[in-house]
Number of protein chains: 2
Amino acid sequence: MPRRSDAAVSDSRATTVQAAVDLASVEGLEGLTIGRLAGQLRMSKSGLIGRFGDKEAMQRAVLESAVERFTAAVWLPARGAEPGIARLEAIVDAWIVHLRSDVFPGGCFVTTASVEYDARPGPLHDDVEAAVRRWLGVLEAEARLAVAAGDLAPDRDPVEVAFELHSLASGGGVAARLLGDPAGLDRTRAAMRRAIGLEPT
Amino acid sequence: MPRRSDAAVSDSRATTVQAAVDLASVEGLEGLTIGRLAGQLRMSKSGLIGRFGDKEAMQRAVLESAVERFTAAVWLPARGAEPGIARLEAIVDAWIVHLRSDVFPGGCFVTTASVEYDARPGPLHDDVEAAVRRWLGVLEAEARLAVAAGDLAPDRDPVEVAFELHSLASGGGVAARLLGDPAGLDRTRAAMRRAIGLEPT
DNA sequence: CCTACCGATCGGTAGG
DNA sequence: CCTACCGATCGGTAGG
């Protein structure tokens, strides 16, 4: 018999990961240190690292959790909308709401991780790349449905639409936060709507 | 009389900064360490730090130099073009060429710095913010000229155009590098041209 | 999960 | 510009 039930172990791990996501959101996945996180959780470094194995495994778990937060915030709410332009619009709306929210205290987690690992090979690079590819794939599929439905011009390339939306949200989110200017996200929203042929509103 | 001429001192400092820009381009300004840079330059840590005062002063000098590289690569070549859409087009072209080049081995320096400091106050945050504001101001002025010349729709907001171009280059450059896909920059170029009303070519 | 500890590295200073 | 050194912190292990 284990001294703690599996549920309790997985619970404590989930709590740990949550705190780590918040810390890494500000400091980056590279800036995350075992000592600081352990101190914040009032536990020993060895106790903390024991939950993951080593730092890299912890970073990968943190990234995975952050991606789940993003999906839950942006993809799930939009899933109910009609396929086509309505769903694309719902994704843009949820995305902007997400960027305005404090889901990640330090700004979009995947964007931060993308910049940290875009020029550094390794498992974390591969994980971030895979997550971005999955999300681009979702956007592309939605854009394709919108083209098929006649909501987007027939010569509009779904791959291009997906890449454009991703670039605008990623770059616009960073700039809005850096400038401390909420209007930045209004502009990001307007640009994303333009990219899918909608009026600014 | 100084033991080394002013020119020699400033020369050695410039060499130091150049090496530091390349290192920080990959590791980030936060990942830049005195020990590693000193080792790469085959000098002592104290000798290196003596050229700047402390690490933060070195980081600020590195950022300033990187901004100058960007301006020289993107703004100077476009300056000769006619004001209006021709100059905007020239800026986009130079920008994409710059992103494709190895001017910064680790990707756009200002984008990396924006992400590192968007959620962290301090002098470096302020320096990055000021640099981005200056560049957005340049883009906005050019967009305004293009609107005045009738090259952009009269209801197109120059501030929005500037923010959109910046977001696309910043986010698109990161994604293209992360995915290791040169087509990413083709898509970025197409999106930037779309933003200023031009055909993809 | 803990304490105690490892070698390496951090930014920086003293003194020359 | 150097050597020598400071206290702090890094990721991680040994042993319980």
Side-chain angles (χ1 to χ4, degrees), chain A residues 1-21 23-24 26-63 113 116-117 120 122-125 127, chain B residues 1-21 23-24 26-63 113 116-117 120 122-125 127:
Chain A
M1 287 274 275
R3 292 233 300 269
R4 306 183 59 180
S5 72
D6 286 0
V9 167
S10 121
D11 224 52
S12 73
R13 190 179 141 121
T15 308
T16 305
V17 170
Q18 222 171 331
V21 170
L23 194 55
V26 175
E27 310 284 345
L29 273 171
E30 286 295 295
L32 197 57
T33 74
I34 296 168
R36 203 166 350 154
L37 182 59
Q40 200 169 296
L41 291 165
R42 294 165 188 278
M43 60 188 300
S44 67
K45 290 196 298 173
S46 62
L48 172 61
I49 206 65
R51 290 181 178 172
F52 298 97
D54 62 11
K55 190 188 176 181
E56 188 176 274
M58 181 175 85
Q59 290 171 310
R60 299 183 70 178
V62 167
L63 175 63
E116 285 184 285
Y117 298 105
R120 291 193 209 176
L124 278 158
H125 168 99
D127 287 355
Chain B
M1 286 274 275
R3 293 234 299 271
R4 305 183 59 183
S5 71
D6 286 1
V9 167
S10 121
D11 224 52
S12 74
R13 190 179 141 121
T15 308
T16 305
V17 170
Q18 221 170 331
V21 169
L23 194 55
V26 175
E27 309 285 343
L29 273 171
E30 285 296 293
L32 197 58
T33 74
I34 294 168
R36 205 168 346 156
L37 183 58
Q40 199 170 297
L41 291 166
R42 294 165 188 278
M43 61 188 301
S44 67
K45 291 197 296 174
S46 62
L48 173 61
I49 206 66
R51 291 180 177 173
F52 299 96
D54 62 11
K55 190 188 176 182
E56 188 176 275
M58 181 174 84
Q59 290 171 311
R60 299 183 70 179
V62 168
L63 175 63
E116 285 184 286
Y117 298 105
R120 291 192 210 177
L124 277 158
H125 167 100
D127 286 354

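Sequence lines set the chain letters: A, B, ... in the order given, protein chains first and strands last, and positions in each chain run from 1.
- Contact of the A:M58 side chain with the A:T16 side chain is not registered, since no non-hydrogen atoms from C-beta on lie closer than 4.5 Å.
- What separates CD1 of A:I49 from P of C:dC2 is a distance of 13 Å, to the nearest Å.
- Remark: side-chain polar atoms of B:K55 are paired, donor with acceptor, to backbone N or O of B:L32 under 3.5 angstrom.
- Checking the phosphate oxygens (OP1, OP2) of C:dC10, a side-chain nitrogen or oxygen of B:T33 falls inside 4.0 Å.
- Here the side chains of B:E27 and A:E30 are not in contact, with every heavy-atom distance at 4.5 Å or above.
- The separation between A:L48 atom CG and D:dG12 atom C1' is 12 Å, rounded to whole Å.
- Straight-line distance from the CD1 atom of B:I34 to the P atom of C:dT9: 15 Å, rounded to whole Å.
- Ranking C:dG11, D:dG12, D:dT13 by closeness to the B:K55 side chain, first place goes to C:dG11.
- Base-pair partner of D:dG7: C:dC10 (Watson-Crick or G-U wobble, both distances under 3.5 Å).
- Residue A:S44 places no side-chain atom within donor-acceptor reach of the base of C:dC2, judged by atom type and a 3.5 Å distance cut-off alone.
- Looking at heavy atoms from C-beta onward, A:F52 lies out of side-chain contact with A:I34 at the 4.5 angstrom threshold.
- The backbone N or O of A:A19 sits nowhere less than 3.5 Å from a side-chain atom of A:Q40 that would complete a donor-acceptor pair.
- For the pair B:Q59 CD and C:dC10 P, the interatomic distance rounds to 13 Å; values are reported in whole Å.
- Distance, A:K45 NZ to D:dA14 C1': 14 Å, rounded to whole Å.
- A:G35 comes within contact range of the sugar-phosphate backbone alone, with a heavy-atom separation under 4.0 Å but no base atom that close.
- Distance B:E27 CD to C:dT9 P: 14 Å, rounded to the nearest Å.
- B:D54 has its CG atom 16 Å from the P atom of C:dC10, to the nearest Å.
- Of the candidates D:dG11, C:dT3, D:dT3, D:dT3 carries the atom nearest the B:S46 side chain, counting heavy atoms from C-beta on.
- D:dC2 and C:dG15 make up a base pair, with Watson-Crick or G-U wobble contacts both under 3.5 Å.
- At whole-Å resolution of the value, CG in A:L32 and C1' in D:dT9 are 15 Å apart.
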